[in-house]
Amino acid sequence: MKRLAVAFSGPSNSGKTTTILKVVDNFMSRGLKCAVIKHDPSDKANFDVRGKDSYKFSQTGADVVVLSPTRTTYFSQSRSELDDVIKMLGDFDLLIVEGLKTLPLPRISVFKDEIDESYLSFSNALASYQTNKNFNIPHLNLDDINGICEWIEKNAKVV
């Protein structure tokens, strides 16, 4: 296992999720095992359905693990550090983190529309449809998923 990690940032609706899905599909089609960690800074994401047993168990404040024939789902009632989550993930070739811009990982910031220059200070590359601006960091075209994957292979951090 390679155990490489890279992060993606960008404003809401910038194309991060779409880009990550294409990148994961590219690597998985080559037989690599991928893992994704998504940051939810507003604590808005809902992962369980009200009324279901796992939701009821979670409401008690207990950590809950749901085992099924095809997946394992872990609901924790406490915040975890990235290193703890990486250990829990086990073996993988590529870990992609969406968000968490303060993590010391190589980072691609994604912009399907105008580039927000406030992201430049923590970005190692930009992925956008624009080609007319030079920000002194690599520019990747959002339509060139192979190019984005090549950048990841060259720049991802071993974790």
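Ser9 and Arg107 are linked by a side-chain donor-acceptor pair at a separation below 3.5 angstrom, with hydrogens and angles left out of the test. At a cut-off of 3.5 Å, with distance as the only test, no side-chain donor of Asn155 or Asn124 sits close to an acceptor on the other residue.
Here Arg30 pairs with Glu153 in a salt bridge; the nearest charged N to carboxylate O distance falls below 4.0 Å.
Hydrophobic clustering keeps Trp151 apart from Leu105 (ILVMFWY residues linked when any side-chain heavy atoms are closer than 4.5 Å, directly or through intermediates). Cluster annotation: Phe111 is not connected to Leu142 through the hydrophobic network of ILVMFWY side chains, with a link wherever side-chain heavy atoms come within less than 4.5 Å. Put simply, Val158 and Val6 are part of the same group of oily side chains (I, L, V, M, F, W, Y) that touch within less than 4.5 Å, one to the next. Cluster annotation: Leu95 and Phe27 are assigned to distinct hydrophobic clusters (Ile/Leu/Val/Met/Phe/Trp/Tyr, side-chain heavy-atom contacts under 4.5 Å, transitive). Taken together through direct or relayed side-chain contacts under 4.5 Å among Ile, Leu, Val, Met, Phe, Trp and Tyr, Ile20 and Leu103 form parts of separate hydrophobic clusters.
Atom CG in Asn26 sits 9.0 Å away from atom CD in Glu150 (nearest 0.5 Å). Atom CD1 of Ile108 sits about 12.0 Å away from atom OG of Ser128, to the nearest 0.5 Å. Distance OG1/Thr19 to CD/Glu98: 9.5 Å, rounded to 0.5 Å. Rounded to the nearest 0.5 Å, atoms NZ (Lys22) and OG1 (Thr18) are 6.5 Å apart. Here CG of Asn146 is found 12.0 Å from CG of Asn141. Values are rounded to the nearest 0.5 Å. In this structure, Lys112 NZ and Gln130 CD are separated by 13.5 Å, a value rounded to the nearest 0.5 Å.
Judged by distance alone, the side chain of Arg71 and the main-chain N or O of Val66 form no donor-acceptor pair under 3.5 Å. The backbone N or O of Lys33 lies less than 3.5 Å from a partner atom in the side chain of Asp93, making a donor-acceptor pair. Formation of a donor-acceptor pair under 3.5 Å by the Ser123 side chain with backbone atoms of Leu126 is not found in this model.
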- Go through the steps for Ile86 and Phe92 under the test side chain to side chain contact (heavy atoms under 4.5 Å, CB included), then give the verdict. CA-CA 9 Å; Ile86 289 172; Phe92 59 86; 4.0 Å; yes

- Can you list the steps and then say if Leu21 with Thr17 is a side chain to side chain contact (heavy atoms under 4.5 Å, CB included)? CA-CA 6 Å; Leu21 288 170; Thr17 299; 4.1 Å; yes

- Message: Between Lys2 and Leu94, does the side chain to side chain contact (heavy atoms under 4.5 Å, CB included) criterion hold? Intermediate values first, please.
- Response: CA-CA 7 Å; Lys2 295 180 179 183; Leu94 178 65; over 6 Å; no

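Leu4 has its side chain out of reach of Val159: every pair of non-hydrogen atoms, C-beta onward, lies at least 4.5 Å apart. Between Val97 and Phe8, every side-chain heavy-atom pair lies at or beyond the 4.5 Å cut-off. In this structure the side chain of Ile148 reaches within 4.5 angstrom of the side chain of Ile152, judged on heavy atoms.
In plain terms, the two heavy atoms of Ala35 and Leu89 that are nearest each other are CB-CD1, 3.9 Å. For Ser80 against Val85, the heavy-atom pair with the smallest separation is CB-CG2, 3.8 Å. Nearest heavy-atom pair, Ala7 versus Gly99, reported as atom, atom and distance to 0.1 Å: CB-O, 4.5 Å. Of all heavy-atom pairs spanning Pro106 and Ala5, the tightest one is CD-O, 3.9 Å.
Applying the ring-ring contact (aromatic ring centres under 6.0 Å, His included) criterion to Phe122, with sequence neighbours excluded, gives Tyr119. Applying the side-chain hydrogen bond (donor to acceptor under 3.5 Å, both in side chains) criterion to Glu114, with sequence neighbours excluded, gives no partner residue.
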